Amino acid sequence: MTIDASGSRAPTLEMVAAEAGVSRATVSRVVNGSPKVTAEVTAVVNDAIARLNYVPNRVARSLASRRTDVIALIVPESTSTVFADPFFAPVVRGVARALSDTDYTLNLLIASETRPQKTRRYLLGGNVDGALVVSHHAEDHSYVGLGSKLPIVFGGRPINPDTFDSYFVDVDNVHSARTATDHLIGLGRRRIATIAGRQDMPAGIDRLTGWRQSIEATGGDPALVEIGDFSQDSGADAMERLLDRGVPIDAVFVANDQMAAGAIHVLHARGLSVPGDVSVVGYDDDTFASTLTPPLTTIHQPSADLGAAMADLLVRLIAGDEVPRRTIIPTRLIRRASA
């Protein structure tokens, strides 16, 4: 006998069947969404479910169907990074939005690469139907080869050669970085530096590649590069190093808005005006961009749309649909006062 929270006997599948005047098997088919039941019978069963306030036993359903109705969103970053970086919140919102009309529950895993097998065991332990992975690094090993055992969709192209056949959703970081740099060139800037992101992450690599393509095409100096880690402090440190070279620069493309905020702070501290002395273009169009002084010209990356596209792709993949391995979301340049 099943007892509900009030101590009363909870309604069962058999009780719903008796109330609806159908077999237990028919009720089971309706609960599990089988297309083999007519619309009329489905309506009768659903009315009985509503009258009895019947709640399906999800554990029993999972055992029978070998499905959990759970999707994991994995972020291989420190907790402090996840909650400080404005990139992640809209991605989560987009994923949640896409899953809102499904039966899936979202589990957020902030995964430590100090114990990669812990994440791997969880994913392969029958706890989830599929996984979404964002902000992965070259040294992330927990997900290598898992695509053959579990549906996985990456946010951003995988960097590891062993995962090149994976499914992923991304923006064209190379093209976007070229767009940002070409905008600076179009403003008449010729000594254009860059503060690149981490070079163990696809976004950091590709945005540096795009800047280099524009610089080399116009005869600029491809050595005007400093590397940050996408944090505001690292952007400030990189800007200090660029200025300490003693080589004149009149513009800088920064691989994300957080680092751009740090760079602009240093430029102001050194007595340089933005954009008068140095124009600055960032990337992401997050909360930093519109609150900086001056407001930041930047590449708008639709993070929420990226999250939603990832989730939609994974749901279709779990269902056995044919889906593209590579999905590219468009970006656009947002012109503000910094360039």
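These numbers were taken from a predicted model, which means no experiment stands behind them. Residue numbers start at 1 and run along the sequence shown.
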Is it the case that over 12 heavy atoms from other parts of the model lie below 6.0 angstrom from the NE2 atom of His265?
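Result for NE2/His265: open.
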For residues 331-339, dump all side-chain donor-acceptor pairs below 3.5 Å to protein atoms at least two apart in sequence or in another chain.
| residue | atom | partner | partner atom | Å |
| --- | --- | --- | --- | --- |
| Thr331 | OG1 | Ser176 | OG | 2.7 |
| Arg336 | NH1 | Asp285 | OD1 | 3.1 |
| Arg336 | NH1 | Leu296 | O | 2.9 |
| Arg336 | NH2 | Asp285 | OD1 | 2.9 |
| Ser338 | OG | Val280 | O | 2.6 |
| Ser338 | OG | Thr297 | N | 2.8 |

Checking [X] now: which residues fulfil side chain to side chain contact (heavy atoms under 4.5 Å, CB included) with it, not counting sequence neighbours?
X      : value
Ala20  : Val22, Val44, Val45, Ala48
Asp237 : Arg241
Thr102 : Leu99, Tyr104
Asp101 : none

In Asp129, Val323, Ile152, the residue satisfying side-chain contact (heavy atoms from CB on, under 4.5 Å) with Leu317 is Val323
Only one of Leu150, Ile71, Leu73 forms a side-chain contact (heavy atoms from CB on, under 4.5 Å) with Val128, so which one is it?
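The side-chain contact (heavy atoms from CB on, under 4.5 Å) with Val128 is passed solely by Leu150 among Leu150, Ile71, Leu73.
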Looking at [atom1] of [X] and [atom2] of [Y], how far apart are the two atoms once the value is rounded to the nearest 0.5 Å?
X      : Y      : atom1 : atom2 : value
Phe154 : Leu132 : CZ    : CG    : 10.5 Å
Ile195 : Leu224 : CD1   : CG    : 11.5 Å
Asp286 : Gln258 : CG    : CD    : 6.5 Å
Ile329 : Asp172 : CD1   : CG    : 12.0 Å
Ile299 : Asn256 : CD1   : CG    : 13.0 Å
Gln232 : Asp257 : CD    : CG    : 11.0 Å

Quick one: closest heavy-atom pair of [X] and [Y], and the distance?
X      : Y      : answer
Ala131 : Leu123 : CB-CD2, 4.0 Å
Ala193 : Ile249 : CB-CG2, 4.1 Å
Leu292 : Ala261 : CD2-CB, 3.5 Å
Leu52  : Pro11  : O-CG, 3.2 Å
Asp250 : Ile192 : OD1-N, 4.1 Å
Phe230 : Arg198 : CE1-N, 3.5 Å

Answer yes or no: is there a side-chain heavy-atom contact under 4.5 Å between [X] and [Y]?
X      : Y      : value
Val30  : Val16  : no
Val133 : Phe168 : no
Asp284 : His300 : no

Would you kindly confirm whether [X] and [Y] end up in one hydrophobic cluster when ILVMFWY residues are joined by side chain heavy atoms under 4.5 Å apart?
X      : Y      : answer
Val174 : Val171 : no
Val169 : Phe88  : yes
Leu267 : Phe288 : no

Pair Ser231, Asp229 - check side-chain hydrogen bond (donor to acceptor under 3.5 Å, both in side chains), show working.
CA-CA 6 Å; Ser231 70; Asp229 65 7; 2.5 Å; yes
Contacts of [X] that satisfy side chain to side chain donor-acceptor pair (under 3.5 Å) - sequence neighbours left out:
X      : answer
Thr26  : Ser23
Arg24  : Glu14
Thr194 : none
Arg51  : Glu19

Pairs in or reaching into residues 268-282: which pass side-chain hydrogen bond (donor to acceptor under 3.5 Å, both in side chains), with residues at least two apart or in two chains?
Arg189-Ser279, Glu240-Arg270, Asp244-Arg270, Ser273-Asp277
Who pairs with Asp47 by salt bridge (charged side-chain N to carboxylate O under 4.0 Å, His left out), at least two apart in sequence or on another chain?
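With neighbours one apart ignored, the set is empty.
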Quick one, Gln301 with Phe87, criterion side chain to side chain contact (heavy atoms under 4.5 Å, CB included). Give me CA distance, side-chain angles, the key distance, then yes/no.
CA-CA 9 Å; Gln301 175 171 234; Phe87 167 76; 3.7 Å; yes
Checking side chain to side chain contact (heavy atoms under 4.5 Å, CB included) for the pair Met310/Leu306: CA distance, chi angles, key distance, verdict?
CA-CA 6 Å; Met310 290 172 62; Leu306 185 143; 3.4 Å; yes
What pairs of donor and acceptor atoms, side-chain ones from residues 203-212 against any protein atom, are under 3.5 angstrom apart with sequence neighbours left out?
| residue | atom | partner | partner atom | Å |
| --- | --- | --- | --- | --- |
| Asp206 | OD1 | Arg157 | NH2 | 2.9 |
| Asp206 | OD2 | Arg157 | NE | 2.9 |
| Arg207 | NE | Asn173 | OD1 | 2.7 |
| Arg207 | NH1 | Ala255 | O | 2.6 |
| Arg207 | NH2 | Asn173 | OD1 | 3.0 |
| Thr209 | OG1 | Ile205 | O | 3.0 |

Under a 4.0 Å threshold between the charged nitrogen and the carboxylate oxygen, would Arg191 count as salt-bridged to Asp221?
yes
State plainly whether the residues Asp312 and Arg97 are in salt-bridge range, i.e. N to O under 4.0 Å.
no
